[in-house]
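Inspection log for the structure reproduced underneath, given as structure tokens.
On a predicted model such as this, the values are computed, not experimentally measured, just so you know. Scope of the values below: all heavy atoms of this structure, side chains included, with no hydrogens, waters or symmetry mates.
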Amino acid sequence: MEKNTAMPDSLTSRFRPMEWRVTRFHDEALRPFGLNMYQAMSLIYIAWYGRDEAINQRSIEKFLYLSNPGVSKIISILEKKGYVVRLPEPSDLRSYRLRATESGIAFAQELNEAILRADRKILEPLTEEEQKTMLMLLGKIGSTDSHAGR
């Protein structure tokens, strides 16, 4: 290993503790609701964006960076719980659109509020200016342009 590439200073070694903290706080926030983060984020996405545009399984896969089988399972869970319905896609009979039910929309709002509370808790160690900077930098790193091969 080169002396200029010290492991403790790598992006990965600095990111892992933050990732663990974020996951722990979100798991705790969502535990009372009986959903994991991917399920919650899927429902929030469907409830929010489904008002103005057609949401399908592929759009959730892209949003969450998950595989087809994983998202299919999430949709089935949300559908069984009565939060989401599948509607035929008029332009492609092999496809379907996803729509949040009224109870799904209300539940998505509760989930969103719980996630935002956890986010505020996670960001507590930072000043307001540091929070804005961090979110801007994370947005730059995770922008869709940097994932062109996906």
Side-chain angles (χ1 to χ4, degrees), residues 7-89 94-150:
M7 182 57 182
D9 289 333
S10 72
L11 175 63
T12 301
S13 66
R14 291 178 182 263
F15 191 74
R16 285 295 298 141
M18 184 185 73
E19 181 183 23
W20 178 84
R21 180 179 162 91
V22 168
T23 300
R24 184 173 55 91
F25 275 84
H26 285 144
D27 284 351
E28 288 174 13
L30 294 172
R31 188 172 296 117
F33 298 99
L35 294 182
N36 66 34
M37 182 56 111
Y38 291 120
Q39 294 162 347
M41 291 299 292
S42 295
L43 179 57
I44 292 166
Y45 183 85
I46 295 165
W48 180 261
Y49 291 105
R51 295 180 298 192
D52 301 321
E53 59 189 80
I55 301 300
N56 60 27
Q57 181 171 327
R58 182 74 180 129
S59 58
I60 296 170
E61 291 168 16
K62 287 180 179 180
F63 175 67
L64 293 176
Y65 294 87
L66 291 176
S67 68
N68 179 290
V71 173
S72 183
K73 185 174 180 181
I74 289 169
I75 292 167
S76 292
I77 289 168
L78 295 175
E79 191 175 33
K80 283 178 189 163
K81 291 180 179 272
Y83 300 133
V84 169
V85 293
R86 298 176 203 230
L87 304 169
E89 178 59 63
R94 297 168 297 156
S95 271
Y96 57 88
R97 291 180 288 130
L98 298 164
R99 180 79 55 180
T101 62
E102 283 189 37
S103 64
I105 292 169
F107 192 49
Q109 184 62 41
E110 287 181 60
L111 295 168
N112 191 56
E113 290 169 10
I115 291 168
L116 290 173
R117 281 192 302 274
D119 286 351
R120 284 191 294 275
K121 206 170 175 184
I122 291 163
L123 294 170
E124 264 179 7
L126 305 177
T127 66
E128 192 173 322
E129 190 61 35
E130 289 171 331
Q131 290 177 27
K132 287 178 186 175
T133 300
M134 186 186 95
L135 293 173
M136 184 270 302
L137 293 172
L138 288 172
K140 253 183 161 177
I141 291 171
S143 72
T144 53
D145 293 338
S146 66
H147 299 293
R150 185 158 165 77

Check whether any side-chain heavy atom of [X] lies under 4.5 Å from a side-chain heavy atom of [Y], and answer yes or no.
{"X": "N56", "Y": "S95", "result": "no"}
{"X": "V71", "Y": "L64", "result": "no"}
{"X": "W48", "Y": "N112", "result": "no"}
{"X": "L98", "Y": "R86", "result": "yes"}

Just wondering, more than 12 heavy atoms not from [X] lying within 6.0 Å of its [atom1]?
{"X": "Y96", "atom1": "OH", "value": "yes"}
{"X": "E19", "atom1": "CD", "value": "yes"}
{"X": "E128", "atom1": "CD", "value": "no"}

Nearest heavy-atom pair of [X] and [Y]: which atoms, and what distance?
{"X": "K81", "Y": "G34", "value": "NZ-O, 4.1 Å"}
{"X": "R21", "Y": "K121", "value": "NH2-O, 3.4 Å"}
{"X": "A40", "Y": "I115", "value": "CB-CD1, 4.3 Å"}

I'd like to know if the side chain of Q57 and the backbone of N68 have a donor-acceptor N/O pair within less than 3.5 Å.
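Between the backbone of N68 and the side chain of Q57 there is a qualifying donor-acceptor contact (under 3.5 Å).
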
Side chain E28, main chain F25, donor-acceptor under 3.5 Å
no

Checking side chain to side chain contact (heavy atoms under 4.5 Å, CB included) for the pair D119/H26: CA distance, chi angles, key distance, verdict?
CA-CA 8 Å; D119 286 351; H26 285 144; 2.6 Å; yes

Enter the distance from [X]:[atom1] to [Y]:[atom2] here, rounded to the nearest 0.5 Å.
{"X": "L30", "Y": "Q39", "atom1": "CG", "atom2": "CD", "answer": "9.5 Å"}
{"X": "L87", "Y": "E89", "atom1": "CG", "atom2": "CD", "answer": "9.5 Å"}
{"X": "L126", "Y": "T133", "atom1": "CG", "atom2": "OG1", "answer": "9.5 Å"}

Side chains of S103 and T101 only: does a donor on one sit below 3.5 Å from an acceptor on the other?
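The criterion, which ignores hydrogens and geometry beyond distance, is satisfied for T101 and S103.
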
Could you walk me through whether E61 and R58 pass the side chain to side chain contact (heavy atoms under 4.5 Å, CB included) check?
CA-CA 5 Å; E61 291 168 16; R58 182 74 180 129; 3.1 Å; yes

Would you kindly check if the NZ (Lys) or CZ (Arg) of R16 is within the cone defined by 45 degrees around the ring axis of W20 and under 6.0 Å from the six-membered ring centre?
no

